[in-house]
Amino acid sequence: MEKRRLGRLEHDSSVLIYGAAALSDVSQDVADRSVKEALDAGINHFDVARDYGDAELRLGPWMAEIRERIFLATKTGERDRDTAWRQINESLDRLQTDRVDLLQLHAVGDLDELDAATGTEGALSAATRAQDEGLVGAIGITGHGHQAPATHLEALRRHPFATVLTPLNPVLWRDESYRADYQALVEEVRRQDAGLMTIKTVSRRNWPDDTGHTHATWYEPYADQDRITAAVSWVLSHPEVTGIPTAGDVGLLGMLVHAEQNRISPSEAEEQLTSDGEYSSPFLSMPF
């Protein structure tokens with residue numbers, strides 16, 4: 001699997017990052033099979049969050065075996081310092097480790113969230129304390145929504161976050177305003193030598209009201225190999241992108257691995273996805 005430099009952290013991360021949200025509500029046996037599938041595919045970067053149900057608990061039993069050979073990231077979705085500090089320590093306990101490589105401020109998608117997280121009594125102060133005490137190696141930021149790239153640009157102006165995790169896919173790129181915000185973020189990421197990861201690669205649309213959910217993701221994902229290959233190929237054709245977390249459903253991991261290994265041209269990928277008349281932003285309606 002291709003690896004790309006994660007900005008100034010200098011970690012050669014697999015371009016597919018294991019999105020452990022997929023483990024939020026599965027048995028340990030299912031989790032074990034999925035983690036093994038990821039390791040066998042060459043994935044060396046695992047991304048989880050305290051808010052992902054039981055996901056940290058499912059990864060914890062693996063740490064004795066794999067901790068030294070993976071880049072481990074978790075997240076706190078709390079906004080105030082004291083609660084975030086408790087959550088960071090809970091994550092370490094649940095993951096059965098004394099240190100993570102990256103602690104991310106989670107779901108910071110607009111300026112109100114950013115103000116809360118970066119204020120004097122905000123979660124950022126807990127993250128910097130954890131870094132000072134050697135509990136986390138670096139601090140990053142993540143977020144959903146159409147305002148995320150602009151919000152993350154402002155975040156980088158306030159604090160030298162080592163990584164940014166922001167949305168990108170062809171349907172978002174078609175929005176002129178979104179594209180301009182994303183490109184401005186890329187410029188600043190490059191200036192600071194931060195690592196840029198992107199989410200919602202294989203999102204197709206919000207779940208229609210009259211449709212049952214066939215996957216564990218909060219959005220309807222693509223679930224056919226051709227369009228998953230197109231989506232992965234298109235995003236990874238952007239050289240600034242260091243990696244993409246795999247979708248939050250264990251059943252999609254194999255198709256994402258296949259897509260990374262069998263990429264097509266960006267123009268062919270765009271044609272594949274444009275032909276879907278239902279392709280739309282997952283942020284038209286978010287359940288959180």
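Heavy atoms only: backbone and side chains are in, while hydrogens, waters and symmetry mates are out.
Leu284 shares a hydrophobic cluster with no other residue; no ILVMFWY side chain has heavy atoms under 4.5 Å from its own. The hydrophobic cluster containing Trp207, built from Ile/Leu/Val/Met/Phe/Trp/Tyr side-chain heavy atoms closer than 4.5 Å, comprises no other residue.
Between Asp101 and Arg67 there is a salt bridge, with a side-chain nitrogen of the basic residue lying less than 4.0 Å from a carboxylate oxygen of the acidic one. Comment: Glu154 engages Arg158 in a salt bridge, judged by a side-chain N to carboxylate O separation of less than 4.0 angstrom.
Under a cut-off of 6.0 angstrom, the local environment of CD in Glu10 is crowded, with over 12 non-hydrogen atoms contributed by other residues, nucleotides or ligands.
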Between side-chain atoms of residues 244-251 and protein atoms elsewhere (two or more places apart, or another chain), which donor-acceptor pairs fall under 3.5 Å?
unit_1: Thr246; atom_1: OG1; unit_2: Ile17; atom_2: O; d: 3.4
unit_1: Thr246; atom_1: OG1; unit_2: Gly19; atom_2: N; d: 2.9
unit_1: Asp249; atom_1: OD1; unit_2: Gly251; atom_2: N; d: 2.8
unit_1: Asp249; atom_1: OD2; unit_2: Ala216; atom_2: N; d: 2.8

Kindly list each side-chain donor-acceptor pair under 3.5 angstrom involving residues 230-241, sequence neighbours excluded, with atom names and distances?
unit_1: Ser233; atom_1: OG; unit_2: Thr229; atom_2: O; d: 2.6
unit_1: Ser233; atom_1: OG; unit_2: Ile264; atom_2: N; d: 3.0
unit_1: Trp234; atom_1: NE1; unit_2: Glu270; atom_2: OE1; d: 3.4
unit_1: Ser237; atom_1: OG; unit_2: Trp234; atom_2: O; d: 2.6
unit_1: His238; atom_1: ND1; unit_2: Glu240; atom_2: OE2; d: 3.1
unit_1: Glu240; atom_1: OE2; unit_2: Tyr182; atom_2: OH; d: 2.6

Check residues 188-195 and write down every donor-acceptor pair under 3.5 Å in which the side-chain atom is one partner and the other belongs to a residue at least two apart or another chain.
unit_1: Glu188; atom_1: OE1; unit_2: Arg191; atom_2: NE; d: 3.1
unit_1: Glu188; atom_1: OE2; unit_2: Arg191; atom_2: NE; d: 3.2
unit_1: Glu188; atom_1: OE2; unit_2: Arg191; atom_2: NH2; d: 2.8
unit_1: Glu188; atom_1: OE2; unit_2: Gln192; atom_2: NE2; d: 2.7
unit_1: Gln192; atom_1: NE2; unit_2: Leu156; atom_2: O; d: 2.9
unit_1: Asp193; atom_1: OD1; unit_2: Arg5; atom_2: NH1; d: 3.0
unit_1: Asp193; atom_1: OD1; unit_2: Arg5; atom_2: NH2; d: 3.4
unit_1: Asp193; atom_1: OD2; unit_2: Arg5; atom_2: NH2; d: 2.5

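Every residue was checked against the salt bridge (Lys or Arg N to Asp or Glu O under 4.0 Å) condition with Lys3, not counting sequence neighbours, and none meets it. With sequence neighbours excluded, no residue forms a side chain to side chain donor-acceptor pair (under 3.5 Å) with Lys200. Remark: Thr242 pairs with no residue by the side chain to side chain donor-acceptor pair (under 3.5 Å) rule, at least two apart or across chains. Every residue two or more places apart in sequence or in another chain that forms a side chain to side chain contact (heavy atoms under 4.5 Å, CB included) with Ala41 is listed here: Met1, Val257. For Asp224, there are no side chain to side chain donor-acceptor pair (under 3.5 Å) partners, not counting sequence neighbours. Scanning for side chain to side chain donor-acceptor pair (under 3.5 Å) contacts around Gln131 gives an empty result, with sequence neighbours left out.
Residue pairs satisfying the side chain to side chain donor-acceptor pair (under 3.5 Å) criterion with at least one member in residues 159-173, sequence neighbours excluded, are listed as follows: His152-Thr166.
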